[in-house]
Trainee: 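This is the structure I want to talk about, given as structure tokens.
As the structure is a prediction and not an experimental result, all values here were calculated from the model.
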Amino acid sequence: MQNQRDSRSVTHFCVRLIKKKMADHSVEITEGCRLPVLRKNQENEDEWPFAEILSVKDIHGKKLYYVHYIDFNKRLDEWVTPDRLDIKKLQFPKKEAKTPMKDGLPGSRPSSPERDVKRKAESVSLATQVTAATPVPSLPGSAEASQASVYPTMRDSSFSIKSRDEHEPLTSLTTNGTTSIQRHLIPPLPGRKRKSCGGTDEMVKMFQNNSPRCSTIYLLPGEDSQDSSDGIPSAPRMTGSLVSDRSHDDIVTRMKNIDCIELGRHRLKPWYFSPYPQELTSLLILYLCEFCLKYLKSLKCLQRHLTKCNLRHPPGNEIYRKGTISFFEIDGRKNKAYSQNLCLLAKCFLDHKTLYYDTDPFLFYVMTEYDSKGFHIVGYFSKEKESTEDYNVACILTLPPYQRRGYGKLLIEFSYELSKVEGKTGTPEKPLSDLGLLSYRSYWSQTILEILMDLKSENGERPQITINEISEITSVKKEDVISTLQYLNLINYYKGQYILTLSEDIVEGHEHAMQKRHLRIDPKCLHFTPKDWSKRGKW
């Protein structure tokens with residue numbers, strides 16, 4: 001009891017001491033402290049989110065603090081002055097407590113929550129591998145092709161469809177590489193028998209009705225399967241060719257090191273760290289040649305460089321031109337300097353993926369806008385020359401001055417047009433950034449809805465299409481097609497069948513989005529011949 005009273009008195013004394021120091025404004029704010037910081041939100045209103053102090057520097061006797069706003073994207077990190085800090089709610093970094101001995105036994109290994117979590121994760125991973133390795137026998141099917149029907153939404157009492165909320169949720173539609181899709185993904189409704197369905201695909205049949213604004217597509221699982229291991233969607237690969245290794249994050253790479261970049265007629269504020277030479281990080285403005293992307297330390301150096309630089313477009317082959325939009329294909333081995341400079345610039349706006357100097361295994365497709373002065377870079381995407389996992393994009397970026405103008409979808413559409421010419425289906429390398437995920441979801445949604453809404457009957461027969469056919473038409477990988485349908489909440493379960501419900505809101509939203517999408521890729525303007533990069537001589 002005496003010890004408890006002593007500890008409480010010490011605690012109260014420390015609290016009073018901290019409060020007194022804070023009142024005297026003499027509290028030393030160090031790295032790791034957390035406190036509210038004043039910032040403007042999107043509506044230009046004041047808000048006080050909690051932020052972590054990552055670094056402190058002193059300029060002419062005045063302190064500046066580099067803060068990361070908790071639960072906000074790193075692109076919002078910034079240097080702030082002391083008057084923007086609310087030290088009344090200051091939280092000091094917690095000291096790591098000594099880890100207790102496991103089970104309280106002397107000589108035993110200390111218990112660690114992180115180690116326990118890691119051990120559990122390893123056991124789960126091992127169980128998953130064992131499950132994946134277990135062969136699944138193929139399900140028998142009838143001679144009939146598996147198919148689904150699209151019925152119009154009718155108000156007649158003889159036909160009724162349950163609301164979307166009444167259907168059971170679809171847990172998975174990913175199929176197996178060697179066996180048929182498991183039909184027990186969703187248990188059948190009691191009292192109803194499900195007909196066995198054969199065929200080699202998921203089949204969709206669509207009926208036209210008097211009101212095409214709202215229709216229902218019946219989707220049945222089929223026999224063919226190509227992608228996942230056991231009917232469970234696999235997690236995104238976190239070790240892609242351009243995925244940054246987060247285990248080596250330190251205080252340097254967590255902080256923006258470039259204040260401003262001048263590229264042609266634009267000045268860009270970088271979002272993230274980029275490994276430009278250390279001597280350039282102290283400059284107020286870093287100057288880049290907009291044609292060869294070489295970095296220079298002053299405007300005078302840039303002007304001198306422009307008198308010598310003969311480039312007025314990216315190096316490489318121009319494989320697409322329509323109007324003022326052009327695409328150039330650049331080999332990372334043949335144009336190493338340009339590719340490295342492009343990656344350094346892109347890293348200022350991409351946090352998850354990195355590629356600095358090893359550009360040989362990659363192709364870069366740079367989109368430009370033409371005027372009387374030359375071809376100005378708008379954005380780019382890169383891809384592996386040989387991808388074992390069907391990746392058609394490694395990194396993709398639209399530069400900030402050109403964002404929210406449709407160029408992002410144009411880059412994505414162009415990547416799939418290349419996949420069509422190659423005769424492959426493709427998918428972007430994971431993980432995607434937040435903005436990249438939004439762009440891809442929007443593109444996939446519009447592309448798939450466009451196909452579903454354009455289906456028409458022929459000779460009075462019901463039009464039909466399969467998931468694989470959607471994938472072949474669009475070159476979008478089957479998993480992305482299925483995940484998009486799930487994301488749009490189109491898939492329901494009705495009378496022993498999977499159905500796609502296109503509501504009037506979805507149709508109207510799609511039509512409104514397509515009216516605003518003015519930039520499209522014209523396949524006739526694409527002049528591209530794919531190469532077989534498996535032959536090392538091509539490198």
Side-chain angles (χ1 to χ4, degrees), residues 226-227 236-245 275 292-293 311 313-321 326-347 350 352-368 377-398 408 410-433 436 440 443 471-472 474-480 521 523 526-539:
Q226 297 179 354
D227 300 303
R237 184 179 76 154
M238 299 298 290
T239 57
S241 57
L242 300 184
V243 176
S244 60
D245 185 0
C292 71
L293 302 182
L311 281 179
H313 59 78
N317 300 323
E318 184 180 10
I319 60 174
Y320 179 91
R321 181 188 291 186
S326 294
F327 279 86
F328 291 82
E329 182 185 54
I330 298 157
D331 190 327
R333 184 183 69 84
K334 295 180 180 178
N335 299 280
K336 192 181 293 283
Y338 182 90
S339 301
Q340 291 173 353
N341 290 335
L342 177 60
C343 291
L344 287 172
L345 172 62
K347 184 61 187 72
L350 294 173
H352 294 287
K353 299 183 181 179
T354 57
L355 172 65
Y356 308 138
Y357 304 112
D358 184 21
T359 61
D360 288 14
F362 294 91
L363 294 169
F364 298 84
Y365 295 90
V366 178
M367 178 169 62
T368 63
I377 181 171
V378 171
Y380 89 104
F381 68 89
S382 58
K383 63 185 292 187
E384 294 176 278
K385 293 176 180 176
E386 292 183 273
S387 175
T388 58
E389 303 190 39
D390 295 330
Y391 289 135
N392 64 352
V393 165
C395 286
I396 185 168
L397 171 70
T398 304
L410 200 66
L411 282 168
I412 296 173
E413 186 178 3
F414 189 78
S415 69
Y416 282 108
E417 285 297 329
L418 296 183
S419 296
K420 291 176 185 178
V421 176
E422 293 170 344
K424 302 176 182 177
T425 59
T427 186
E429 190 174 288
K430 312 299 187 302
L432 290 167
S433 66
Y440 267 95
Y443 172 79
S471 179
E472 291 170 4
T474 62
S475 283
V476 177
K477 207 169 184 181
K478 182 190 275 188
E479 289 91 346
D480 295 331
I521 294 295
L526 176 63
H527 304 282
F528 170 70
T529 303
K531 296 180 181 179
D532 182 9
W533 294 103
S534 60
K535 299 176 181 178
R536 302 295 292 186
K538 296 276 187 180
W539 286 50

Trainee: As an exercise, state the distance from CD of E479 to CG of D390, rounded to the nearest 0.5 Å.
Mentor: 9.0 Å

Trainee: Return the minimal non-hydrogen interatomic distance between V393 and C395, and the atom names on each side.
Mentor: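 It is CG1-O, 3.7 Å.
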
Trainee: Heavy atoms only: give me the nearest F328-P315 pair and the separation to one decimal.
Mentor: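 So the two residues come closest at CB-O, 4.5 Å.
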
Trainee: Going by heavy atoms in the side chains, are C343 and F364 under 4.5 Å from each other?
Mentor: yes

Trainee: Side chain to side chain contact (heavy atoms under 4.5 Å, CB included) between S415 and I396: does it pass, once the steps are laid out?
Mentor: CA-CA 10 Å; S415 69; I396 185 168; 5.8 Å; no

Trainee: Within the structure provided, determine whether F362 and E384 are in side-chain contact (heavy-atom separation under 4.5 Å).
Mentor: yes

Trainee: Looking at every heavy atom in both N341 and C292, which two are closest together, and how far apart are they?
Mentor: ND2-O, 3.6 Å

Trainee: Taking only residues two or more places apart in sequence, or in another chain, which ones meet T427 in a side-chain hydrogen bond (donor to acceptor under 3.5 Å, both in side chains)?
Mentor: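 T427: side-chain hydrogen bond (donor to acceptor under 3.5 Å, both in side chains) contacts with K430, D480.
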
Trainee: Would you compute the distance between atom CG of L410 and atom OH of Y443 and round it to the nearest 0.5 angstrom?
Mentor: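 Rounded to the nearest 0.5 Å, the CG-OH separation comes out at 10.0 Å.
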
Trainee: Can F528 and L418 be said to form a side chain to side chain contact (heavy atoms under 4.5 Å, CB included), step by step?
Mentor: CA-CA 8 Å; F528 170 70; L418 296 183; 3.7 Å; yes

Trainee: Side chains of K477 and N392, heavy atoms from C-beta outward: is any pair under 4.5 Å?
Mentor: no

Trainee: What's the separation between atom CD in E429 and atom CD in E389, rounded to the nearest 0.5 Å?
Mentor: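 CD of E389 is found 8.0 Å from CD of E429.
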
Trainee: Taking the side chain as C-beta and beyond, is there a heavy-atom pair between T359 and L342 under 4.5 Å?
Mentor: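 No, their side chains stay 4.5 Å or more apart.
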
Trainee: Heavy atoms, side chains only, cut-off 4.5 Å: are L526 and I521 in contact?
Mentor: no

Trainee: Can you tell me how the ring of F414 sits relative to the ring of F327, calling it parallel under 30°, perpendicular over 60° and tilted otherwise?
Mentor: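 Parallel, since the angle between the ring planes stays under 30°.
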
Trainee: Taking only residues two or more places apart in sequence or in another chain, which ones pass side-chain hydrogen bond (donor to acceptor under 3.5 Å, both in side chains) with S475?
Mentor: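 side-chain hydrogen bond (donor to acceptor under 3.5 Å, both in side chains) list for S475, sorted by chain: empty.
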
Trainee: Mind checking what makes ring-ring contact (aromatic ring centres under 6.0 Å, His included) contact with Y365, not counting sequence neighbours?
Mentor: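 F381.
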
Trainee: Please list, chain by chain and in numerical order, all residues satisfying side chain to side chain contact (heavy atoms under 4.5 Å, CB included) with H527, sequence neighbours excluded.
Mentor: none

Trainee: Tell me every residue that passes salt bridge (charged side-chain N to carboxylate O under 4.0 Å, His left out) with E329, counting only those two or more places apart in sequence or in another chain.
Mentor: none

Trainee: I'd like to know if the side chain of S471 and the backbone of V476 have a donor-acceptor N/O pair within less than 3.5 Å.
Mentor: yes

Trainee: List the residues meeting side-chain hydrogen bond (donor to acceptor under 3.5 Å, both in side chains) with K336, not counting sequence neighbours, and say none if there are none.
Mentor: D360

Trainee: Please walk me through it: do Y380 and I330 pass side chain to side chain contact (heavy atoms under 4.5 Å, CB included)?
Mentor: CA-CA 11 Å; Y380 89 104; I330 298 157; over 6 Å; no

Trainee: Between L411 and L397, is the side chain to side chain contact (heavy atoms under 4.5 Å, CB included) condition met? List the steps.
Mentor: CA-CA 9 Å; L411 282 168; L397 171 70; over 6 Å; no

Trainee: To the nearest 0.5 Å, what is the distance between OG1 (T474) and CD (E413)?
Mentor: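 One finds 11.5 Å between OG1 of T474 and CD of E413.
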
Trainee: Mind checking whether V421 and P530 have side chains closer than 4.5 Å, heavy atoms only?
Mentor: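 Yes, close enough: below the 4.5 Å cut-off.
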
Trainee: Report yes if the side chains of R321 and S326 come closer than 4.5 Å at any heavy-atom pair, otherwise no.
Mentor: yes

Trainee: Kindly write out the residues that satisfy ring-ring contact (aromatic ring centres under 6.0 Å, His included) with Y440, not counting sequence neighbours, or none if the list is empty.
Mentor: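 Partners of Y440 under the ring-ring contact (aromatic ring centres under 6.0 Å, His included) test: W444.
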
Trainee: What I'd like to find out is whether the side chain of T368 reaches to under 4.5 Å of the side chain of H313, using heavy atoms alone.
Mentor: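 No, side chains not in contact.
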
Trainee: Got a sec, which residues hit salt bridge (charged side-chain N to carboxylate O under 4.0 Å, His left out) with K420, two or more places apart in sequence or on another chain?
Mentor: E417

